[in-house]
Amino acid sequence: MRRYNGKSHEHTNTIEEDTFYDFHIHQATERYQMIGAREDTFAEPTDKFSDFYEAISCMIKDCNFEVPVDPQWHARKKPLKTD
């Protein structure tokens with residue numbers, strides 16, 4: 001499980017005791033579940049995206065989703081980056 005967040009708030013990884021204010025990707029981890037925290041509490045800062053459309057493209061690539069040849073994304077304003 002992943003969640004791609006914008007640069008809208010400060011995030012702290014409690015186990016690692018590191019805090020940052022940046023675009024970041026949450027990822028479910030067993031370590032955080034073992035201490036009773038939400039499974040997606042851990043996050044890493046990233047420079048792989050800087051807006052919603054880039055975050056979607058990043059998620060598609062990171063998670064190895066297959067994009068159809070003719071995706072029905074009529075509402076999007078930016079093309080998906082798939083390479």
Side-chain angles (χ1 to χ4, degrees):
M1 180 172 67
R2 291 175 167 247
R3 186 174 76 236
Y4 292 67
N5 275 87
K7 189 176 183 178
S8 61
H9 60 280
E10 193 172 80
H11 176 80
T12 300
N13 290 320
T14 53
I15 293 175
E16 296 79 8
E17 298 180 349
D18 63 334
T19 299
F20 53 86
Y21 178 81
D22 211 340
F23 295 93
H24 55 282
I25 302 171
H26 287 264
Q27 185 167 337
T29 65
E30 182 179 9
R31 293 179 307 135
Y32 278 86
Q33 291 178 61
M34 296 298 287
I35 65 167
R38 285 182 25 188
E39 61 275 358
D40 64 343
T41 300
F42 175 76
E44 294 181 309
T46 186
D47 62 359
K48 294 177 7 176
F49 61 88
S50 60
D51 64 30
F52 174 78
Y53 297 100
E54 290 177 1
I56 294 291
S57 295
C58 182
M59 179 186 66
I60 288 169
K61 183 177 180 182
D62 289 352
C63 298
N64 294 315
F65 292 142
E66 292 185 23
V67 178
V69 174
D70 185 21
Q72 296 179 6
W73 288 59
H74 304 291
R76 68 182 152 88
K77 297 177 183 173
K78 290 186 177 182
L80 294 174
K81 296 179 190 174
T82 57
D83 47 25

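Counting begins at 1 with the first residue of the sequence. Quick caveat: nothing in here was measured; it's all calculated off a predicted structure.
At a threshold of 4.5 Å between non-hydrogen side-chain atoms, the residues Glu16 and Glu44 do not count as touching. For the pair His9 and His24, the minimum side-chain heavy-atom distance is below 4.5 Å. For the pair Ile15 and Arg31, the minimum side-chain heavy-atom distance is below 4.5 Å. Using a 4.5 Å heavy-atom threshold, the side chains of Ile35 and Thr41 count as separate. Between Phe49 and Ile56, every side-chain heavy-atom pair lies at or beyond the 4.5 Å cut-off. Two residues are said to be in side-chain contact when any heavy atoms from C-beta on lie closer than 4.5 Å; His26 and His11 meet this criterion.
For Glu30, the CD atom sits in a loose shell: 12 or fewer heavy atoms of surrounding residues, nucleotides or ligands are nearer than 6.0 Å. Other residues, nucleotides and ligands place no more than 12 heavy atoms under 6.0 Å from the CE atom of Met34.
Interatomic distance, CD of Glu17 versus OG1 of Thr12, reported as 10.0 Å (0.5 Å rounding). The distance from the CG atom of Asp62 to the OG1 atom of Thr46 is 7.5 Å, given to the nearest 0.5 Å. Interatomic distance, OG of Ser50 versus NZ of Lys7, reported as 10.0 Å (0.5 Å rounding).
Hydrophobic clustering keeps Ile25 apart from Tyr21 (ILVMFWY residues linked when any side-chain heavy atoms are closer than 4.5 Å, directly or through intermediates). Tyr4 and Phe20 sit in two unconnected hydrophobic clusters of ILVMFWY residues. Membership requires side-chain heavy atoms under 4.5 Å apart, directly or through other members.
For residues 32-41, every residue pair satisfying the salt bridge (charged side-chain N to carboxylate O under 4.0 Å, His left out) rule, not counting sequence neighbours, is listed here: Arg3-Asp40, Arg38-Asp40.
Closest approach of Pro45 to Asp22, counting heavy atoms only: CB-CB, 4.2 Å.
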